[in-house]
Protein chains: 2
Amino acid sequence: MPVDDVTVRRPTLTQVAALAGVSLKTASRALNQEPNVAPSTGRRVRDAADLLGYRLNGIARELRRGATSALVGLVSGDLTNPFYSAVASGIERELRQHGLLLITANNDEDAMLERSLVDAFLERRVRALLVIPSADDHEYLAIEGNRGVPFVFLDRPPDGLSADAVLIDNAGGARSAGEHLLGAGHRRIALVSDLVRMAPQRARIDGFVGAMRAAGNDAWEPFLRTGVHDVRQAERTVRDLLALDQPPTAVFTTNNRLTTGALRAMRELADPPALIGFDDFDLADVLGTTVVAHDMTALGREAARLAYERISGHSGPARTIVISTSIIARGSGERPPR
Amino acid sequence: MPVDDVTVRRPTLTQVAALAGVSLKTASRALNQEPNVAPSTGRRVRDAADLLGYRLNGIARELRRGATSALVGLVSGDLTNPFYSAVASGIERELRQHGLLLITANNDEDAMLERSLVDAFLERRVRALLVIPSADDHEYLAIEGNRGVPFVFLDRPPDGLSADAVLIDNAGGARSAGEHLLGAGHRRIALVSDLVRMAPQRARIDGFVGAMRAAGNDAWEPFLRTGVHDVRQAERTVRDLLALDQPPTAVFTTNNRLTTGALRAMRELADPPALIGFDDFDLADVLGTTVVAHDMTALGREAARLAYERISGHSGPARTIVISTSIIARGSGERPPR
DNA sequence: ATGAAAGCGCTAACAG
DNA sequence: CTGTTAGCGCTTTCAT
């Protein structure tokens, strides 16, 4: 019965005004709780609006008010990665406090796509843009920087422009992981890391290597693996490491995906090597996995705060917030060398 | 040196046209790759646009083109729940194929908040609205339904209106979990479930109970627990169950949070009961947890597809897609009764 | 307390 | 191939 293939045009404020028998502007005032509206007039307008199923057209309002929306954009990796979704959740919660909405888009780890998503967001006139960049070169954003759209970088420092950023203490966390394993007596420690084109990965490697150097240990060097990018690759890499004649006695994985792979590789081992993973994860307690933890939701929240301050008119030099890390010992990182 | 506290107004098409020495409309044509523009003119316009740092104002365009944006809204629970983030990821990937962007908002499991988020989305003139509702009453959406904004319900059937939906075969999945445990010889099977106000939970309970009835087993009845809503509560509930004089020999948990709690409760048990969890999760293979799995990304993808078809003008009766489930046996569900 | 007119930045319709 | 005019739905002057 319902004729719903005809796109029914939504009623406009003009129609509401007409039905209520007032002028356009009066209807606007009434619906926006502005002063100087007689109570009876207000009621008439609201009734008319209800009757017609009127809903404010935010697009028209935004255009008139200055062509800037109530939207904040986030460009990040796939939300099925718990790291990104935790960050997104932190951002979203903070933005909501201020009546802002979050638009998300997945860069698929592709620099070109990332650029076009940024473009799309800027065309939509987002109030601020949060980016967990896949690419390392952010110079193309510099043009936009001083045009009133605040940028905030998450997890990766801006390169080629100056902008607010919220980072994790990657080097510090990785260093303490290294020290933790050295403290348990390990020397032959494998380092399984992701693509080195990502700055956080480089920092984690540097931190780990720093700890080894400081301890005068170089027995880890044959066990350095980089460019390991997904769970399966990580599983295979760890399997291969453990099959060596002189296998490592401990493994440090530099993100949650790699840790998952390592756990799969070690699943059926009676006497597994020690393991520490960067990034905490959901069932780490049940699995007894020692991790370098950090507050991912706080990372998002702080980034949203910085963005909001800029939106609210704060100007000044770019700020960087660093989220601290801590080792959570759950057993796997405390296993002694065999 | 940069004067960035003065909100620099972005250049408009008029300014680009002026600089290029052409009319507004010609500039518009050139920038939109429309036909009938002399190559040299096109180049002049593009150069002017680059010089000024011009960027199309999507808000103005949308207003002019019919007051409807390229945005699709998703209202769901917190994205830190892997279920929601997997769904969101599936949606986002599908929408991108069609140049649509996803706006997300977290209902915090609050019906009032959910309503106001839906309002906010509708004011932004989203092209479609996807909802994983926390509330069971969706009648308030009925008014909107035939006004041109397509609704798609995910994971929960619409109540009080007719709309497209993508559901999981909750009853079937739960029934097969029950049968699986019965098949392993269990009779005293605990059912740990979430708030019964959520339709999927009711369906899962029904499915499980159906399997028990069909087998003539009523030994599960003392072990029915409902209203268990977070991980800690689930952990305590399972602990309490296992501390009974006559404890259950198997546990069926009806979502990923509850499964996590159960795993925590069983962490240090030498001889844990059998366990099957509804919803697959990341490290289930490592933990050897048997689950009722289903494709969450597909759930999102299908919902986005339905929405897109409506956006593209498809009209017709509401459709429902059901995502099938399958048991993945990994050990925990195959443990025999003690 | 209310209204009339102008215009946000763009595209559609129609000329030339 | 290019330009002129009008208007999307709203808010912002400025009158009354």
Side-chain angles (χ1 to χ4, degrees), chain A residues 7-46 48-49 52-70 120 122-127 147-148, chain B residues 7-46 48-49 52-70 120 122-127 147-148:
Chain A
T7 300
V8 185
R9 232 187 170 59
R10 300 210 64 125
T12 71
L13 194 52
T14 312
Q15 295 172 42
V16 174
L19 182 61
V22 297
S23 82
L24 175 62
K25 179 59 206 171
T26 301
S28 168
R29 272 196 271 260
L31 261 26
N32 288 310
Q33 327 271 28
E34 281 176 42
N36 294 337
V37 176
S40 71
T41 312
R43 254 184 48 87
R44 249 192 6 264
V45 172
R46 270 187 298 276
L52 291 167
Y54 170 78
R55 202 175 283 275
L56 173 84
N57 185 331
I59 296 177
R61 162 182 279 181
E62 279 163 9
L63 179 59
R64 184 61 245 243
R65 296 236 259 226
T68 200
S69 70
L122 291 172
E123 285 191 358
R124 300 243 138 64
R125 294 296 194 269
V126 290
R127 285 288 260 293
R147 290 216 169 258
Chain B
T7 302
V8 186
R9 232 186 170 60
R10 300 210 63 126
T12 71
L13 195 51
T14 313
Q15 296 171 41
V16 174
L19 182 62
V22 297
S23 82
L24 176 62
K25 181 59 205 171
T26 302
S28 169
R29 272 194 271 259
L31 262 25
N32 288 309
Q33 327 272 30
E34 281 176 41
N36 293 337
V37 176
S40 72
T41 312
R43 254 183 49 86
R44 251 192 5 264
V45 171
R46 270 188 298 275
L52 264 51
Y54 171 77
R55 201 176 282 277
L56 173 84
N57 186 330
I59 297 177
R61 163 183 277 181
E62 280 162 8
L63 179 60
R64 184 59 246 245
R65 295 235 259 226
T68 198
S69 69
L122 291 172
E123 286 192 357
R124 299 248 134 64
R125 293 295 192 270
V126 290
R127 284 287 259 295
R147 288 214 170 258

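Naming: A, B, ... by sequence-line order, numbering from 1 per chain. As the structure is a prediction and not an experimental result, all values here were calculated from the model. No hydrogens, no waters, no symmetry mates; every other heavy atom, side chains included, goes into these values.
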Exercise for the section: Drop me the distance from Glu62(B)'s CD to Glu62(A)'s CD, to the nearest 0.5 angstrom. Expected result: 9.0 Å

Exercise for the section: Can you measure from CZ (Arg29(B)) to CG (Leu31(B)) and round to the nearest 0.5 angstrom? Expected result: 12.5 Å

Practice task
For residues Arg125(A) and Asn57(B), determine if any side-chain heavy atom of one lies less than 4.5 Å from a side-chain heavy atom of the other.
Solution key: yes

What is the distance, rounded to the nearest whole Å, between atom [atom1] of [X] and atom [atom2] of [N]?
| X | N | atom1 | atom2 | answer |
| --- | --- | --- | --- | --- |
| Ile59(B) | dG9(D) | CD1 | P | 16 Å |
| Leu63(A) | dT11(C) | CG | C1' | 12 Å |
| Asn36(B) | dG3(D) | CG | P | 13 Å |
| Arg44(A) | dA1(C) | CZ | C1' | 12 Å |

Completion exercise
Val22(B) and Ala27(B) have their tightest heavy-atom pair at CG2-N, 4.1 Å

Problem - Under-4.0 Å side-chain N/O to phosphate OP1/OP2 contact, Thr41(B) with dT2(D) - result: yes

Practice task
Give a yes/no on whether any side-chain N or O of Thr26(B) is located under 4.0 angstrom from OP1 or OP2 of dT2(D).
Solution key: no

Mind listing the N/O atom pairs, protein and nucleotides 10-14 of chain D, below 3.5 Å?
residue: dC10(D); atom: OP1; partner: Tyr54(A); partner atom: OH; Å: 2.5
residue: dC10(D); atom: OP1; partner: Asn57(A); partner atom: N; Å: 3.3
residue: dC10(D); atom: OP2; partner: Leu13(A); partner atom: N; Å: 2.4
residue: dT11(D); atom: OP1; partner: Arg61(A); partner atom: NE; Å: 2.9
residue: dT11(D); atom: OP1; partner: Arg61(A); partner atom: NH2; Å: 2.9
residue: dT11(D); atom: OP2; partner: Ser28(A); partner atom: OG; Å: 3.0
residue: dT11(D); atom: O2; partner: Arg64(A); partner atom: NH1; Å: 2.8

Exercise for the section: Return yes if some donor-acceptor pair links the side-chain N/O of Arg44(A) with the main-chain N/O of Pro39(A) below 3.5 Å, else return no. Expected result: no

Problem - Asn32(B)-Arg61(B) side chain donor-acceptor pair, cut-off 3.5 Å - result: yes

